[in-house]
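One structure is given here, and the rest of the page talks about it.
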Number of protein chains: 2
Amino acid sequence: MQKAVLQIQVQDTLFVKDPTSSTIGKSILEHGLILLSEIGLEEFTFKKLARKISSTESTIYRYFENKHQFLSYLFNYYWAWMDVNIAFATTNIDDSEERLRRIMRVITQKVDNDLRTPFIDEALLQEVISLESSKTFLSKKVDEENKAGYFLQYKKVIDRIVSVMLELNPDYSYPNALVTTILESSFHQRYFSNHLPKLSNSMDNPNRLENFLLDLCLNTLYHHGK
Amino acid sequence: MQKAVLQIQVQDTLFVKDPTSSTIGKSILEHGLILLSEIGLEEFTFKKLARKISSTESTIYRYFENKHQFLSYLFNYYWAWMDVNIAFATTNIDDSEERLRRIMRVITQKVDNDLRTPFIDEALLQEVISLESSKTFLSKKVDEENKAGYFLQYKKVIDRIVSVMLELNPDYSYPNALVTTILESSFHQRYFSNHLPKLSNSMDNPNRLENFLLDLCLNTLYHHGK
DNA sequence: CAAATATAATAGTATTACTATCAATTTAGG
DNA sequence: CCTAAATTGATAGTAATACTATTATATTTG
């Protein structure tokens, strides 16, 4: 009997020592994600995580420079994983609009834990990234981190979606802006529905979120400039 | 000769003691904003601000519980001020689409320092809020803060824009989501253009940003469900 | 089995995020 | 103008955060 395994890779600027290379590293990822989901980035500390995994702060610091790098690691892991999902959902589909529809579905649906990746619970990861991802780039260190490749996986997904949009309308002037607007909105609208309902319109049902964003996207692409 | 003064009010849950009620309070606002724009929220501390205004931490704590409350104060100030601007830009305009166009212009243009408000530099405020506003709501304390009215001024602006959108298309299902998507995108696309250009398409020119968002908005409203 | 490497345990530092106390100063009311 | 009340400044202190350093003990690898 064969067990399917999915290896997600992120750049080596996102860690000091590769956490997937050891048992304790994987434990840091697994329980770090759980702790983040429980208390949020502001309250999250390496000391609390060390206590949780019965280890020490210094051990965690050997894997990640600080919690911001840890978050950025998860951020890239999420988009690397999404990239795989999007690629899978769109292979062998010839029609561009159908490809875009499938992409939007992948983006807006709630994900389930992918059992091919043993130490990362993707359902939890999506929750955490929804709430915290903006904090990866909204900082004064953004330029430095951008140079270090902190956003590469995200850019890869953006490129992939942009190219499908340009198949639908090669003259559209703002494909990258449209993609990031949609991706961010996808995170935030669901969050708003749960916490700030007046900032949204009941997006806890993923089909409504999909409908909202797909509509936005297709209308913009098809009617641009008219 | 008369000097025009514009009084912007925020709720009393956003401060311990009203900073506009004293000279030192105004100095906290003025130089707090400057310091925030210089070093960002993560590096910002009341100790550094106290040094800057030749006062003490304890004095600042008498005005604001912590830096998060200070940021939320500025966030509400910004939206209260934007509400005034939007109201002004749309009075006596009968045509709904023209009203929406004017709103989009107000939102996407770079603002100048409003000289009617002596201690707040609105141009700086816009920069700061662009970068930091998401942090006001992306926190585990959001429900509690929502109850305390931390987002009231923002909701007021959303309501105002929603009602114009519904004039254009009363059947549109996601007006609130569309408004927040546009408002957030407006902040982030300009930021991306400056720092993560691959996530956007040269939005440093406000006219392009306006064009992008207006197009998005009108196409979505006019072609919804088709 | 030895050498190299990783981890745990412990200690320590500077800074953050506050709270408390009290004297000096400013302001407001009569 | 004087007194009482409120505000601010100066100082101190605490617990937690965000690290760095050292060394002994495991564990892994060749």
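Lettering follows sequence order; numbering is per chain, from 1. Nothing here was measured: the structure is a model prediction, and the numbers come from that model.
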Worksheet item: Any salt bridge between B:Glu122 and B:Arg116, counting N to O under 4.0 Å?
Response: no
Response to the item:
Taken to the nearest whole Å, NZ/B:Lys47 to C1'/C:dA14 is 11 Å
Worksheet item: Do B:Lys141 and B:Glu144 meet the salt-bridge criterion of a basic N to acidic O distance under 4.0 Å?
Response: no
Practice prompt. Please assess B:Tyr174 against A:Leu216 for the test side chain to side chain contact (heavy atoms under 4.5 Å, CB included), listing each intermediate value before the final yes or no.
Written response: CA-CA 10 Å; B:Tyr174 311 105; A:Leu216 195 82; over 6 Å; no
Discussion item. Please check if the number of heavy atoms outside B:Lys156 that lie under 6.0 Å from its NZ is greater than 12.
Written reply: no
Worksheet item: Rounded to the nearest Å, what distance is computed from the CD atom of residue B:Glu57 to the P atom of nucleotide D:dT7?
Response: 20 Å
Discussion item. Please give me every residue in residues 59-73 of chain B whose heavy atoms get under 4.0 Å of an atom in DNA chain D, ordered by residue number.
Written reply: B:Thr59, B:Arg62, B:Tyr63
Worksheet item: Which heavy-atom pair separates B:Gln9 from B:Ala80 by the least distance, and what is that distance?
Response: O-CB, 4.2 Å
Worksheet item: Whole-Å distance between C:dA17 P and B:Leu49 CG?
Response: 13 Å
Worksheet item: OP1 or OP2 of C:dA8 sitting under 4.0 Å from any side-chain N/O of A:Ser55?
Response: yes
Item to complete: Give a yes or no on whether the ring-centroid distance for B:Tyr154 and B:Phe137 is below 6.0 angstrom.
Response: no
Worksheet item: Got more than 12 heavy atoms from elsewhere within 6.0 Å of CZ, A:Arg105?
Response: no
Fill in: Residues within residues 22-44 of chain A bordering DNA chain C, heavy-atom distance below 4.0 Å
A:Ser22, A:Ile24
Worksheet item: So, are B:Lys52 and B:Glu38 salt-bridged, with charged N and O less than 4.0 Å apart?
Response: yes
